[in-house]
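Below is one structure, written out as structure tokens; the observations come after it.
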Amino acid sequence: MLNIAIIAGGNSGEYDVSMKSGKLVELHLDRERYHPFFVEIQGQEWVCHLQEKKIPIDKNDFSIHVDGKKTRFDVVFNAIHGTPGEDGKLQGYFDVLGIPYTSSGVTTSALTFNKSFCKKVVASFGIHTAKSVHLLSDSPDPVGAIWEEISLPCFVKPNNGGSSVGMSKVNQPEELEPALEKAFKEDTEILVEEFIKGRELTCGVIRSGGTVTAFPVTEIISKKEFFDFEAKYHENLAEEVCPAKIPARVSDECQCISADLYKRLNCDGVVRFDYIYSNDRLFFLEVNTVPGLSEQSIVPKMAVANGWSVKELFTRMIEECVNRF
Ligand SMILES: Nc1ncnc2c1ncn2[C@@H]1O[C@H](COP(=O)(O)OP(=O)(O)O)[C@@H](O)[C@H]1O
Ligand SMILES: [Mg+2]
């Protein structure tokens with residue numbers, strides 16, 4: 001029986017989503033193999049939820065002490081979206097302690113969490129990406145730099161964010177400055193990207209039993225102007241069609257590119273690649289190395305469409321990371 005610390009929470013606008021992901025993992029974990037412990041990490045407060053009590057985590061070795069007995073965890077199931085679970089910070093901590101975790105390693109997590117750096121690397125593999133400008137908080141003339149490169153409509157995003165928090169679609173020039181202000185509230189870096197008109201596709205990829213598998217491609221049809229925070233978490237505001245009703249040629253290409261990116265970016269665990277399909281081309285938007293795992297999330301549905309139960313998905317993630325270590 002392995003002790004599994006399911007880590008959830010985190011320090012971003014994705015806290016609530018992460019808590020839901022963690023709960024779904026706890027619900028579906030195979031109790032014949034694993035003993036789950038729900039560990040909430042928020043700021044300096046790291047606690048294990050144990051029978052209505054919150055037991056502080058000893059950060060020296062990531063353990064808990066209960067009734068004079070120390071409990072250690074064999075594996076970390078990472079369900080923290082955003083910092084510090086998706087950007088490499090906790091990966092570094094667990095590497096130092098020698099505890100295996102279900103997501104990608106430090107470098108891959110840090111690179112892919114930075115949308116701008118990630119796009120540059122992905123573009124170097126010959127994949128299409130939207131034209132964009134990366135701004136730091138001390139950029140002398142952000143608005144000038146944007147107009148020089150970008151035409152409307154465009155997206156203004158925190159460069160290191162998720163769940164569309166702090167993001168805006170800018171249709172009119174006067175909307176740009178408020179959008180920049182909103183994004184700078186979430187992050188010290190901003191990514192401004194040209195809008196690509198097309199259909200939104202996403203593809204989950206996992207390494208299991210040494211084999212890289214791309215799940216059936218899913219189409220996201222948002223009733224909002226784009227797949228914003230509300231559309232992501234309100235049942236009736238977006239439809240996720242899995243498998244997507246697209247020509248086989250397109251879904252094959254999407255799976256092929258995604259599996260290739262997974263390998264080239266050196267990913268581990270389950271990862272989701274987002275695209276816009278436009279004029280018969282796939283434009284890479286971003287990669288999520290800790291994708292949502294809640295009841296409403298896409299990856300559990302993809303696994304089911306692939307013929308796996310949610311329990312099997314989680315077992316495969318844990319077994320792969322134990323074997324990798
Ligand atoms: N360049 C773009 N063209 C068209 N739609 C976009 C573009 N960038 C983002 N979007 C829309 O915004 C959503 C969120 O953007 P994304 O970059 O995936 O950020 P997040 O990490 O917050 O999910 C996407 O799912 C898509 O609906
Ligand atoms: Mg996204």
Side-chain angles (χ1 to χ4, degrees), residues 10 12-18 21 80-83 85-87 109 111-120 122-123 127-134 146 149-171 179 182-183 185-187 189-205 217-234 237-241 244 254 258 261 270-279 281-294 296-299 302:
S12 77
E14 292 189 280
Y15 170 89
D16 292 330
V17 183
S18 164
S21 291
I80 297 184
H81 318 305
T83 194
E86 198 167 358
D87 57 358
S109 304
L111 170 81
T112 54
F113 197 67
N114 185 310
K115 286 188 161 83
S116 175
F117 291 169
C118 184
K119 280 182 66 176
K120 291 196 164 79
V122 167
I127 309 291
H128 304 292
T129 59
K131 202 169 171 192
S132 61
V133 171
H134 181 189
I146 294 165
E149 294 286 332
I150 303 285
S151 45
L152 292 179
C154 70
F155 276 90
V156 176
K157 333 179 171 179
N159 191 46
N160 305 278
S163 282
S164 305
V165 177
M167 231 179 102
S168 317
K169 184 172 175 217
V170 172
N171 295 305
K182 183 173 164 189
K185 278 202 186 115
E186 296 295 322
D187 196 355
E189 299 173 36
I190 303 295
L191 185 67
V192 182
E193 203 173 79
E194 274 189 0
F195 171 69
I196 311 231
K197 192 171 163 39
R199 293 168 75 176
E200 184 160 357
L201 302 178
T202 182
C203 184
V205 182
V217 175
T218 299
E219 178 172 17
I220 296 162
I221 305 170
S222 177
K223 295 202 173 75
K224 300 285 296 290
E225 200 177 2
F226 65 98
F227 198 35
D228 64 6
F229 187 85
E230 243 195 320
K232 277 175 173 151
Y233 303 109
H234 284 83
L237 292 180
E239 195 188 340
E240 284 118 24
V241 185
C254 187
S258 302
L261 284 177
V270 73
V271 169
R272 228 192 62 225
F273 296 90
D274 293 349
Y275 306 87
I276 302 286
Y277 176 59
S278 171
N279 289 326
R281 284 190 298 181
L282 282 164
F283 285 81
F284 168 90
L285 277 190
E286 63 146 355
V287 41
N288 303 285
T289 57
V290 186
L293 294 173
S294 73
Q296 293 99 321
S297 302
I298 297 168
V299 161
M302 285 176 163

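This chain uses plain numbering: 1 for the first residue, then up along the sequence. When a ligand or atom number is given, it counts from 1 through the structure's own listing order.
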| task | Run the contact test for K115 against ligand 1 with a 4.0 Å cut-off on heavy atoms, strictly below, and give the result. | result | yes
| Per-atom contacts of ligand 1 with F227, taking only distances under 4.0 Å to non-hydrogen atoms | 13 (C), 25 (O), 27 (O)
| message | Considering K119, K157, M167 one by one, which has a heavy atom nearer to atom 12 (O) of ligand 1 than any of the others? | response | M167
| query | Tell me: protein heavy atom nearest atom 18 (O) of ligand 1, and distance? | reply | E286 OE2, 2.8 Å
| message | Determine whether a donor-acceptor pair (N or O, by modelled atom type, separation under 3.5 Å) exists between the side chain of S258 and the backbone of V205. | response | no
| Enumerated ligand 1 atoms positioned under 4.0 Å from heavy atoms of F195 | 3 (N), 4 (C)
| said: Taking 4.0 angstrom as the limit and counting only heavy atoms of E200, give me the atoms of ligand 1 inside it, by number and element. | reply: 24 (C), 25 (O), 26 (C), 27 (O)
| Who's the nearest protein heavy-atom neighbour of atom 23 (O) of ligand 1, and how far? | K232 NZ, 2.8 Å
| task | Have a look at F155, F283, F226 and point out the one with the heavy atom closest to atom 5 (N) of ligand 1. | result | F155
| field | Atom indices of ligand 1, in the order listed, that fall short of 4.0 Å to a heavy atom of E193 | value | 1 (N), 2 (C), 7 (C), 8 (N)
| Nearest 0.5 Å, what's the CD-CG distance between E286 and L191? | 10.5 Å
| said: Give me the atom names and distance for the closest heavy-atom approach of F229 to G13. | reply: CE1-O, 4.2 Å
| said: Do E230 and K224 make a side-chain contact, defined as non-hydrogen atoms from C-beta onward lying under 4.5 Å apart? | reply: yes
| said: Which atom name would you report as the N, O or S atom of D274 nearest the Mg ion (ligand 2)? | reply: OD2
| task | Provide the closest heavy-atom pair for M302 versus T202 in the form atom of the first, atom of the second, distance. | result | CE-O, 3.3 Å
| Under 3.5 Å, is there a donor-acceptor pair between the N171 and E225 side chains? | yes
| query | To the nearest 0.1 Å, how far is atom 14 (C) of ligand 1 from its closest protein heavy atom, and which atom is that? | reply | S164 OG, 3.4 Å
| Short list, please: which atoms of ligand 1 are under 4.0 Å from a heavy atom of D274? | 18 (O)
| query | Hey, is E193 close enough to K131 for a salt bridge, meaning N to O under 4.0 Å? | reply | no
| said: Side chains of F117 and N159, heavy atoms from C-beta outward: is any pair under 4.5 Å? | reply: no
| Shortest-distance N, O or S atom of E286 relative to the Mg ion (ligand 2) | OE2
| query | Any donor-acceptor pair under 3.5 Å linking the side chain of E86 with the backbone of T289? | reply | yes
| request: Using modelled atom types only, decide if a donor and an acceptor are shared between the side chain of S278 and the backbone of K197 within a distance under 3.5 Å. | output: yes
| request: State if E194 counts as touching ligand 1 under the rule of any non-hydrogen atom under 4.0 Å. | output: yes
| said: Considering non-hydrogen atoms of the protein only, which is the closest contact for atom 4 (C) of ligand 1, and what is the distance? | reply: I196 O, 3.3 Å
